[in-house]
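Note that this is a predicted model, so its numbers are computed, not measured.
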Amino acid sequence: MKQRKATHQKSVYNYNKWKKRKIFVMLSLLSLLGFCLVLTHNSTTTNTTTSRILTLASLRSHFIVQKPKIAFLFIARNRLPLDMLWDAFFKGQESRFSIFVHSRPGFLFNKANTRSEYFFNRQVNDSIQVDWGEASMIEAERILLRHALVDPLNERFVFLSDSFADTKEGRYNPKMAPLVPVYNWRKGSQWVVLTRKHAEVVVNDTTVFPMFQQHCKRRSLPEFWRDHPIPADTSMEHNCIPDEHYVQTLLAREGLEGEITRRSLTHSSWDLSSSKDPERRGWHPVTYKFSDATPTLIQSIKDIDNIYYETEYRREWCSSKGKPSKCFLFARKFTRPAAFRLLNMSVLGAFRKATNKS
């Protein structure tokens, strides 16, 4: 009996011992499994975090590489007379600009009518017929801005155009009040340069533009009466010259004049009183001909650092970011022979090299 009891106790002891080992092994396995799960979770979290960091770094790198651009906005009837000049200006700087062209509906830039490939496929597809002295001129500007604003990298918007007539008398139409009061009426250059903020103001305008559409009607000029009969009723005509007033008046009405530099980057020579050439007197700025196109002329324009406003009897010194600067980046008006002469003398090439170094 004692032997059977001893055997039974030993069997119970062995069973308990085996049970403890089994529990220990199971706990160990569970601990190991838990540890592995923790590792997997940590690894997944780490991978996710790393992936996010790499993605953000990639995006940051992407935007650092793609620098802000200048959008050049061309308004033209058909071809651009000085396209070869622009070709020389743009060459080698492709990542720094974008081009948008508004020409008459149906006209297409191709190898037959332009010397520069920079203008191929750059026309807006919703162009309108533009008439001088009408609000259609500023509608073309708004169309160009709408297209240019689609690219988020465009931060400056420069207007450039073909030749158009000009006059200055009685431009404000009192019928525009009170939406466009006379104290907000401003005059400036058609060749304005806008920031992205101001470009968006122009595109989103639903108040000032309709006033120009309704109250700016082209009045026939005496120089055109030789080819057309004098209008029987001129009471409905009022030359506002919209392209020289719209942007400036709109920004003044929106209280943004404090953010505007009151000058154009495009030089025009209006001092025609002493000219002996009858073609150089009248409403138009001087046109530089072949004989005028010299390095001395270009240098004299580049050296201009102040502007005298005759109607206000004041002189203004040009500045940039609070520091003295030259006044002009562009100049007009040059004939094709004059432009070719400047290109042949490498005047523009030297200018481009100097700009790149600065």
Note, [X] side chain near [Y] side chain (heavy atom, < 4.5 Å):
{"X": "F72", "Y": "F89", "result": "yes"}
{"X": "Q190", "Y": "I75", "result": "yes"}
{"X": "I128", "Y": "H102", "result": "yes"}
{"X": "R156", "Y": "T195", "result": "yes"}
{"X": "Q248", "Y": "K187", "result": "no"}
{"X": "L297", "Y": "F334", "result": "yes"}
{"X": "F107", "Y": "R77", "result": "no"}
{"X": "Q129", "Y": "S136", "result": "no"}

For the residue pair [Y] / [X], report whether a side-chain donor-acceptor contact shorter than 3.5 Å exists.
{"X": "R79", "Y": "N113", "answer": "no"}
{"X": "N154", "Y": "R196", "answer": "no"}
{"X": "S98", "Y": "D151", "answer": "no"}

Which value, rounded to the nearest 0.5 Å, describes the distance between F120 atom CZ and I99 atom CD1? 11.5 Å
Hey, what do you get for CZ (R332) to CG (L160), rounding to the nearest 0.5 Å? 10.5 Å
Whether [X] side chain and [Y] backbone form a donor-acceptor pair below 3.5 Å:
{"X": "E94", "Y": "G92", "answer": "yes"}
{"X": "S127", "Y": "S103", "answer": "yes"}
{"X": "D303", "Y": "S300", "answer": "no"}

Run the salt bridge (charged side-chain N to carboxylate O under 4.0 Å, His left out) test against K321 and tell me which residues pass, sequence neighbours left out. none
Check salt bridge (charged side-chain N to carboxylate O under 4.0 Å, His left out) between E316 and all other residues, then give those that pass, not counting sequence neighbours. R314
Evaluate side chain to side chain contact (heavy atoms under 4.5 Å, CB included) for S269 paired with Y288, printing each intermediate quantity in order. CA-CA 9 Å; S269 178; Y288 295 112; 3.3 Å; yes
Give a yes or no on whether a salt bridge exists between R115 and D87, defined as a side-chain N under 4.0 angstrom from a carboxylate O. no
Proximity of W86 and F74 rings by center, below 6.0 Å: yes
Can you see which heavy atom on [X] is nearest to which on [Y], and at what distance?
{"X": "N184", "Y": "T249", "result": "O-CG2, 3.3 Å"}
{"X": "W191", "Y": "S264", "result": "O-OG, 3.4 Å"}
{"X": "S325", "Y": "S319", "result": "OG-C, 3.3 Å"}

Are H245 and C216 close enough, and set up right, to give a side chain to side chain contact (heavy atoms under 4.5 Å, CB included), and what steps lead you there? CA-CA 11 Å; H245 291 272; C216 286; over 6 Å; no
I'd like to know whether L144 forms a side chain to side chain contact (heavy atoms under 4.5 Å, CB included) with F157, so could you lay out the CA-CA distance, the side-chain angles of the two residues, the decisive distance to 0.1 Å, and finally the verdict. CA-CA 10 Å; L144 285 168; F157 304 81; over 6 Å; no
Residues 247-261 vs salt bridge (charged side-chain N to carboxylate O under 4.0 Å, His left out), sequence neighbours excluded, gives R186-E257, K197-E259
Under the side chain to side chain contact (heavy atoms under 4.5 Å, CB included) criterion, do M137 and Y246 qualify, and how do the steps go? CA-CA 10 Å; M137 184 75 107; Y246 171 65; over 6 Å; no
